[in-house]
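What you see is a predicted model, and the numbers here were worked out from it, not measured in a lab.
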Amino acid sequence: MTNLLPREPSLLRLDLKTSKKIEINHRRNKEKDHTELLDDCAKRFRYQDCKDEYWNPEAYSLLYATPLWEQANASQRVLLNQLYWVAYYSQIISAEIATIFYNQTSAAGLYGLNDFRGVCDMLDLESAQERSHINAFFTISEKVEEALFGERVFSYDMRNPYAQTMIFPDTNRLKNMWRSLQLRSFALLSSGSAFIASQYFTVRGLRTLNGKMVQQRLSQFYQKHPDQENAPIPSAISYYHYMDESFHFNSSCIIGHDVISSLPSPTPFEKLVGNMSIIGCQKDHSNFSAVVNGLFWYEPALFSPIYKILRSDIFSMGEREAKEMMSLCFCRENEAIHSSFDTMTTAIESYKKFLDPLDYVNQTNKNLSLMRKMNIEKYLQNNQRALTRFIAPINLI
Ligand SMILES: [Fe+2]
Ligand SMILES: [Fe+2]
């Protein structure tokens, strides 16, 4: 008979404080799970029922504080408020499709060590929740765009996790291919290295930090609503989603910051991959947008959807009028541009704090040097150049 030796307890099992944190975060998330409520919201949503109401605090409206907003009437402002919801959560869908996949590959990387079942079970629950979040966001966005435009504006068909995470990025075909290759490589590497897997959660934590700032405000609309039972369903979705996400943010912090000390020291290659993934995140977050304050979209990529909105029945603008309005909103300093840039600056400072305790992170990443290269002057120049190109065909008509 073979004498089986007990498996050596891992550093994670010996780290009672971190093990406890994982167990508590998973248990509480399971107890409070908002999946059923979100699925029910998606089933009950009828645009007709809440088409005349705000769904977010007023400042969370599309193009808020731009010249367009200033001249919009009350019903146009309501639609801009609802379209912020549609645009914002269309971006979140893309981020969460990627999250589901990298939760799995990273869980595979961590499961290669003893005693990581708890971490993996926690991530399984989060992935299932993301699928319900995505379903709710898709359902509302598609119904609204169908009713308002009869076509897609911000929403899109289901996509795979190798697509650009930012749905309106500064990109071209070559950049898309390069990003897809990087994402594929990261998936392979994270599934085979516990360190790289754990550092996916640092990147996920960074991405969530900015989301947390915005989503907390969006969730307050429902939380403070005087008649929650009759509050617009999208506002309830913002609230339930934020509740689930607060547990996801906790797990990013626990795995990215605490579990890392229970792992074998990283090799130079693993450190390099960890830093490269943070640089990728910086690249994704190196623009700001006055269309959707709080997202790092590349403004020129939004010219097409904004033009569509200005020409639609909502604003009924002619070609020239629409073009002039876009020039006013995107090429001249206004309150919206300053406010979106401030949001980016706040994000940079919070990212800095988040990365500070991690020894392996290099100075470019610790200082968020890539993100800091963006400023208002550069934003205006980019827009001016791109708008000239965008409106050229219109002038020829
Ligand atoms: Fe989510
Ligand atoms: Fe999440």
Side-chain angles (χ1 to χ4, degrees), residues 88 90-99 101-102 105-106 159-190 196 199-211 213-214 252 256 270-302 340-341 343-356 358 360-379 381-383 385-386:
Y88 184 83
S90 292
Q91 175 55 51
I92 301 303
I93 290 173
S94 168
E96 300 198 336
I97 289 171
T99 299
F101 180 55
Y102 294 107
T105 63
S106 302
R159 47 167 50 194
N160 73 41
Y162 301 127
Q164 291 270 6
T165 313
M166 289 289 133
I167 60 173
F168 290 97
D170 176 10
T171 194
N172 54 38
R173 262 178 74 180
L174 195 69
K175 284 185 190 170
N176 287 346
M177 279 166 63
W178 176 235
R179 176 47 65 99
S180 164
L181 194 68
Q182 285 179 316
L183 291 170
R184 282 166 209 269
S185 312
F186 188 79
L188 270 178
L189 293 167
S190 59
I196 296 174
Q199 286 321 286
Y200 161 64
F201 294 94
T202 296
V203 174
R204 202 184 82 170
L206 282 179
R207 289 183 179 278
T208 316
L209 263 176
N210 184 60
M213 270 161 39
V214 176
S252 293
E270 287 173 324
K271 286 184 191 175
L272 177 75
V273 175
N275 276 298
M276 280 174 75
S277 57
I278 301 174
I279 285 195
C281 177
Q282 280 204 65
K283 271 193 191 143
D284 274 355
H285 292 192
S286 58
N287 290 294
F288 65 90
S289 162
V291 174
V292 183
N293 185 347
L295 286 183
F296 301 105
W297 284 349
Y298 181 57
E299 210 77 292
L302 288 156
S340 294
F341 182 65
T343 304
M344 185 188 197
T345 312
T346 312
I348 290 175
E349 293 319 318
S350 64
Y351 292 6
K352 190 169 161 46
K353 249 193 220 152
F354 191 73
L355 291 174
D356 221 36
L358 297 169
Y360 81 92
V361 176
N362 64 28
Q363 284 310 304
T364 312
N365 280 329
K366 278 212 165 150
N367 295 327
L368 288 310
S369 310
L370 258 179
M371 286 178 76
R372 285 185 204 277
K373 281 187 185 161
M374 181 45 78
N375 55 46
I376 290 178
E377 207 186 331
K378 210 167 171 186
Y379 166 90
Q381 281 168 3
N382 283 346
N383 289 349
R385 253 197 318 270

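- Nearest heavy atoms, Pro169 versus Tyr298: C-CB, 3.7 Å.
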Practice task
Apply side chain to side chain contact (heavy atoms under 4.5 Å, CB included) to the pair Asp170 and Lys175, showing each step before the final yes or no.
Solution key: CA-CA 9 Å; Asp170 176 10; Lys175 284 185 190 170; 3.8 Å; yes
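- Checking Thr364, Asn365, Asn362 one by one against Ile278, the side chain to side chain contact (heavy atoms under 4.5 Å, CB included) holds for a single residue, Asn365.
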Exercise for the section: Determine, step by step, whether Phe296 and Asn210 satisfy the side chain to side chain contact (heavy atoms under 4.5 Å, CB included) criterion, reporting the C-alpha distance in whole Å, the side-chain angles of both residues, the deciding distance to 0.1 Å, and the verdict. Expected result: CA-CA 10 Å; Phe296 301 105; Asn210 184 60; 3.3 Å; yes
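- Here the closest heavy-atom approach between residue Thr105 and residue Ser190 is recorded as OG1-OG, 3.0 Å.
- Phe201 and Ser252 get closest at one heavy-atom pair: O-CB, 3.5 Å.
- Annotation: side chain of Met166 is not in contact with side chain of Arg179 (no heavy-atom distance under 4.5 Å).
- Shown here for Ala187 and Phe101, the closest heavy-atom pair between the two residues is CB-CE2, 3.5 Å.
- Taking all atoms of both residues into account, the shortest heavy-atom contact from Ala290 to Tyr379 is CB-OH, 3.6 Å.
- Scanning all heavy atoms of the two residues, the minimum distance from Gly256 to Leu358 falls at O-CD2, 3.7 Å.
- Taking the side chain as every heavy atom from C-beta outward, Gln199 and Glu270 never approach each other to under 4.5 Å.
- Side-chain N or O atoms of Ser94 include one that pairs as donor or acceptor with a backbone N or O of Thr165 at under 3.5 Å.
- For the atom pair Ser369 OG and Gln282 CD, the distance stands at 6.5 Å (nearest 0.5 Å).
- With rounding to the nearest 0.5 angstrom, the CE atom of Met276 is 8.0 Å from the NZ atom of Lys283.
- Atoms CG and CG, from Asn287 and Leu302 in turn, are 10.0 Å apart once rounded to the nearest 0.5 Å.
- The distance from the CZ atom of Phe168 to the CD atom of Glu299 is 11.0 Å, given to the nearest 0.5 Å.
- Of the inter-residue distances, the one linking Ile196 atom CD1 with Leu189 atom CG reads 5.0 Å to the nearest 0.5 angstrom.
- Of the residues listed (Lys366, Arg207, His285), the one engaging Tyr351 in a side chain to side chain donor-acceptor pair (under 3.5 Å) is His285, and it is the only one.
- Side-chain contact of Asn176 with Gln164: a donor-acceptor pair under 3.5 Å is present, judged by distance alone.
- Donor-acceptor pairing under 3.5 Å is recorded for the side chains of Asn382 and Arg385.
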Handout entry: Chi angles and distances behind the side chain to side chain contact (heavy atoms under 4.5 Å, CB included) call for Ser289, Leu295
Key = CA-CA 6 Å; Ser289 162; Leu295 286 183; 5.5 Å; no
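- Annotation for Glu349: atom CD counts as buried by contact number, over 12 foreign heavy atoms lying within 6.0 Å.
- Note that the CE atom of Met177 and the OG1 atom of Thr171 stand 11.5 Å from one another [nearest 0.5 Å].
- Proximity of Ile167 to Arg159: side-chain heavy atoms (C-beta onward) are separated by under 4.5 Å at one or more points.
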Exercise for the section: Give the intermediate values and the outcome of side chain to side chain contact (heavy atoms under 4.5 Å, CB included) for residues Leu206 and Leu355. Expected result: CA-CA 8 Å; Leu206 282 179; Leu355 291 174; 4.1 Å; yes
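- Ion pairing between Arg204 and Glu96 fails under the 4.0 Å rule for side-chain N and carboxylate O.
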